[in-house]
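Just below is one structure, and these are the notes that go with it.
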Protein chains: 2
Amino acid sequence: MELATIRDVAKRAGVAVSTVSRVINQSGYVGGETQRKVLSAMRELNFQPNRIARGLVSRQTSTIGLLIPDVANPFFSELSRGVEDAAIARGYSVLLCNSDWNPNRENMYINLLNGRWVDGIIVVGSRSDISVVQQVAAETPLVMVDRRSSDFEFAVWTDNRQGAMLAVRHLLEVGCERIVHIAGPMDSPSAQERRRGYEVAIQEAGMEPMFLEGDFRYASGFELVNALFQRGDVVDGIFAGNDLMAIGALQAAANLGIRVPDNLAVVGYDNIPSTHYVSPPLTTIDQPAYDMGYSAFELLYDRLSKDSPTENQQMKFEPKLVLRESTRR
Amino acid sequence: MELATIRDVAKRAGVAVSTVSRVINQSGYVGGETQRKVLSAMRELNFQPNRIARGLVSRQTSTIGLLIPDVANPFFSELSRGVEDAAIARGYSVLLCNSDWNPNRENMYINLLNGRWVDGIIVVGSRSDISVVQQVAAETPLVMVDRRSSDFEFAVWTDNRQGAMLAVRHLLEVGCERIVHIAGPMDSPSAQERRRGYEVAIQEAGMEPMFLEGDFRYASGFELVNALFQRGDVVDGIFAGNDLMAIGALQAAANLGIRVPDNLAVVGYDNIPSTHYVSPPLTTIDQPAYDMGYSAFELLYDRLSKDSPTENQQMKFEPKLVLRESTRR
DNA sequence: GACAAGATAGCAAGCGCTTTCACCTGCTTG
DNA sequence: CAAGCAGGTGAAAGCGCTTGCTATCTTGTC
């Protein structure tokens with residue numbers, strides 16, 4: 001069955017196309033009787049305005065692009081929910097783009113989104129060359145999440161450095177004397193900041209920093225910690241760059257018969273749901289993923305709806321230490 | 001900076017608009033020299049064809065809608081990745097829609113997507129009135145995931161009944177004598193099928209079925225099992241309708257000092273990543289979420305690219321029992 | 001009773017692209 | 001040598017909608 005167009009509706013209702021358009025958009029003057037006729041013609045034909053055509057003339061699509069590394073990662077999937085809930089509340093849809101942490105794929109998506117396909121873009125945890133992102137930002141409103149830069153006016157972020165320091169200081173408080181950091185990949189800005197926070201806090205305590213570089217995935221936490229202990233290194237505290245790697249570390253320790261928290265204290269980062277139910281439950285640094293996503297959209301929406309730049313352009317969330325069994329002593 | 005249109009490119013290259021269009025689409029005849037001029041004009045103006053305008057005339061958007069209950073649920077986020085990876089490989093983008101298990105929200109999205117916004121739709125785990133969904137299916141190609149119905153020609157699914165029977169028979173094998181089922185919500189078709197499978201397997205064994213109805217979320221598993229044991233019911237096996245509820249059950253048992261698997265065996269459903277690292281690791285029924293998503297897109301793509309209906313319209317995946325510690329005896 | 005202002009509706013010009021059709025050139029054919 | 005055809009290009013007609021402009025008809029006001 002061919003779909004009805006505005007022309008069909010107009011014909012059926014015996015009015016002009018522009019009149020139908022007015023009742024659809026509730027703009028301009030339309031008489032009561034006319035409106036009724038149009039409405040019922042619309043219903044009879046099961047008319048749905050073509051969003052594409054509409055987008056062409058109005059120059060907006062009520063769609064935004066969400067570019068994240070990986071929805072299958074709990075932190076990002078939670079954040080996505082926040083974005084989507086905020087978007088739907090304002091009548092927007094979201095186009096999902098997984099970069100898989102791959103700068104090429106990220107660039108490809110950025111270019112794709114740039115083709116007047118979306119009204120705005122939210123980029124989360126980007127590792128791309130900042131100039132590419134900026135080029136887009138010149139043409140399409142963009143909000144950066146989790147990567148602060150003086151170059152982006154619109155951003156939501158948490159103080160990763162501060163968060164890392166919270167984690168390390170906590171490990172020190174519970175008496176750790178040799179704390180290793182399982183860092184995220186070094187091309188990730190937030191991984192870098194966390195690493196820096198770790199370094200500062202460790203040096204404050206007069207200790208020697210020690211890093212292992214993972215990739216933010218479960219397996220890398222497992223393997224790095226496994227190798228670490230196999231080598232016979234003496235370590236009594238681990239601060240992982242995210243929860244997934246921390247959980248990997250927990251597993252590796254359990255396999256080797258190392259008792260957590262007694263012989264090894266572990267702290268993660270993100271506070272994903274699994275941290276509740278691993279054994280032992282994981283102490284971690286909370287990042288309010290859902291709220292960050294929600295706010296990112298709101299920021300974008302502000303930018304989209306007002307011509308003048310908003311005053312509220314940056315939104316900072318505070319990382320919080322969440323105490324659980326993995327560091328209880 | 002105003003974005004360049006195809007007209008600007010044509011003017012700069014000193015050719016007609018139609019010629020530019022030909023080089024963009026690599027269709028028709030274009031001379032070597034002309035092509036070079038157009039290409040360089042495109043580059044100089046940083047031209048990107050407007051996808052909206054293009055969509056209007058070509059009647060396709062290279063975008064599909066993905067309607068799922070909740071991306072924050074690991075099963076669905078994994079499935080989403082599958083869909084997205086398959087889509088990108090074919091040059092498609094995906095519009096993410098979370099229904100939150102809410103039929104109203106689901107209908108709203110279905111209507112939205114129906115506005116010629118997407119070329120096709122993948123609906124996962126729908127609980128909506130089937131007639132609404134079908135009405136869309138008449139206008140937009142649609143693939144159903146996890147809900148089989150003779151009414152939908154295109155579907156990917158697993159045999160939930162069979163999966164549930166696998167789970168229950170396993171519990172019987174390890175010696176359980178009183179097995180309760182924590183079911184998913186009864187308006188979910190897959191929850192119903194699993195429940196039915198449980199029922200059949202239990203009756204085969206000459207036992208009495210016993211149900212509790214949850215909502216597929218962690219908290220409901222926790223609370224139901226907690227209440228169950230608080231009431232003093234004697235139960236030595238639990239088959240949960242999904243892993244999240246099973247993990248909740250595990251936690252409740254741990255809190256009450258009930259030892260798993262010794263005094264209580266637990267089986268989940270889905271095989272989400274967390275099942276590896278809960279304690280004890282959870283025996284579960286594997287559903288290949290990623291592959292299901294991937295296949296769902298491929299099915300849709302087939303349908304989209306060929307006019308004639310494909311032969312391969314249904315795709316069935318086999319549920320598999322995954323043995324872990326939570327039932328080891 | 002004349003007239004400005006408000007209500008109501010139609011006409012037509014695009015939005016940026018694709019695609020048909022017509023037209024040109026220069027060769028190959030029977 | 002007329003006809004046919006592949007190669008190359010442009011003009012123009014839309015795709016389905018919004019919107020500025022115009023034309024008509026009601027009102028209310030002095």
Side-chain angles (χ1 to χ4, degrees), chain A residues 1-39 41-42 45-63 91 112 114-119 139-140, chain B residues 1-39 41-42 45-63 91 112 114-119 139-140:
Chain A
M1 154 190 143
E2 271 314 300
L3 269 121
T5 73
I6 198 175
R7 230 211 240 39
D8 301 326
V9 176
K11 189 169 291 172
R12 179 155 197 136
V15 300
V17 168
S18 46
T19 303
V20 178
S21 175
R22 275 183 215 110
V23 350
I24 296 172
N25 299 294
Q26 308 190 77
S27 64
Y29 295 113
V30 177
E33 176 58 20
T34 311
Q35 168 157 324
R36 217 164 302 124
K37 279 191 303 185
V38 171
L39 252 22
M42 280 172 51
L45 294 170
N46 189 25
F47 172 76
Q48 288 272 113
N50 182 324
R51 292 188 65 184
I52 299 287
R54 196 181 258 207
L56 184 57
V57 10
S58 69
R59 281 138 181 307
Q60 51 164 30
T61 59
S62 293
T63 299
L112 183 79
N114 207 193
R116 264 67 121 253
W117 203 223
V118 294
D119 297 345
E139 295 169 355
T140 308
Chain B
M1 154 189 140
E2 271 313 301
L3 268 120
T5 74
I6 198 175
R7 230 212 238 42
D8 301 325
V9 176
K11 188 169 292 173
R12 177 155 199 136
V15 300
V17 168
S18 45
T19 303
V20 177
S21 175
R22 275 183 213 112
V23 350
I24 295 173
N25 300 295
Q26 308 190 78
S27 65
Y29 295 115
V30 177
E33 176 58 19
T34 311
Q35 168 156 324
R36 218 164 301 123
K37 277 191 303 183
V38 171
L39 251 23
M42 280 172 53
L45 294 171
N46 189 26
F47 172 76
Q48 286 273 113
N50 182 325
R51 292 188 64 185
I52 300 286
R54 196 182 259 205
L56 182 57
V57 12
S58 69
R59 280 137 180 306
Q60 51 164 29
T61 59
S62 292
T63 301
L112 183 77
N114 208 194
R116 262 67 120 253
W117 203 222
V118 294
D119 297 344
E139 296 169 353
T140 308

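So you know, we letter chains A, B, ... as the sequences are listed, proteins then strands, and number each from 1.
The Arg54(B) side chain lies nearest to dC17(C) when the options are dC17(C), dA12(C), dT9(D). Distance from the side chain of Thr5(A) is smallest to dG16(D) among dT19(C), dG8(D), dG16(D).
Inter-residue side-chain proximity for Arg51(B) and Leu112(A) is flagged as met; some heavy-atom pair is nearer than 4.5 Å. In this structure, Leu39(A) and Arg36(A) have side chains that are not in contact, with every pair of non-hydrogen atoms separated by 4.5 Å or more. Counting only heavy atoms from C-beta outward, the side chains of Ile24(A) and Arg54(A) approach each other to under 4.5 Å.
Computed from coordinates, the Leu56(B) CG to dG14(C) C1' distance equals 12 Å when rounded to whole Å. Here the P atom of nucleotide dT18(D) and the CD1 atom of Ile52(B) are 14 Å apart, to the nearest Å. In this structure, Arg7(B) places its CZ atom 12 Å from C1' of dA12(D), rounding to the nearest Å. Here the C1' atom of nucleotide dG16(C) and the NZ atom of Lys11(B) are 14 Å apart, to the nearest Å. Distance CD (Gln48(A)) to P (dC17(D)): 11 Å, rounded to an integer number of Å. Between Ile24(B) atom CD1 and dC17(C) atom C1' there is a gap of 8 Å when expressed in whole angstrom units. Atom CZ of Phe47(A) and atom C1' of dG16(D) are 8 Å apart (whole Å). Atom-to-atom, CD1 of Ile6(B) to C1' of dG10(D) comes out at 13 Å; the value is rounded to the nearest Å.
Taking only side-chain nitrogens and oxygens, Ser21(A) comes nearer than 4.0 Å to OP1 or OP2 of dT18(D). Using a 4.0 Å cut-off, some side-chain N or O of Tyr29(A) falls inside it from OP1 or OP2 of dA7(C). For the pair Ser27(B) and dT19(C), the criterion of a side-chain N or O lying under 4.0 Å from OP1 or OP2 is not met. Contact between the side-chain N/O atoms of Asn25(B) and the OP1/OP2 oxygens of dT18(C) is found at a separation under 4.0 Å. Put simply, Arg59(A) has a side-chain N or O that comes within less than 4.0 Å of OP1 or OP2 on dG16(C). Residue Ser58(A) places no side-chain N or O under 4.0 Å from the OP1 or OP2 atom of dT18(D).
The residue Val30(B) sits close only to the backbone: its heavy atoms come under 4.0 Å of sugar-phosphate atoms, none of a base. Using a 4.0 Å heavy-atom criterion, one finds that Val15(B) contacts the sugar-phosphate atoms exclusively.
In this structure, Gly14(B) and Val57(B) both approach DNA chain D, and ranking their closest nucleotides by distance from the 5' end singles out Gly14(B). Position along DNA chain C of the nearest nucleotide to Arg22(B) versus Pro49(B) favours Pro49(B) as the more 5'-ward residue.
In this structure, CG in Leu45(B) is found 9.0 Å from OG1 in Thr5(B), a value given to the nearest 0.5 Å. Between Met42(A) atom CE and Gln35(A) atom CD the span is 10.0 Å, to the nearest 0.5 Å.
In terms of polar N and O atoms assigned as donor or acceptor, the side chain of Thr19(B) never comes within less than 3.5 Å of the base of dG10(D) in a complementary pairing. Taking only distance into account, the side chain of Thr34(A) never meets the base of dA9(C) through a donor-acceptor pair shorter than 3.5 Å.
In terms of heavy-atom proximity, Phe47(B) sits nearest to Ile6(B) at CE1-N, 3.4 Å.
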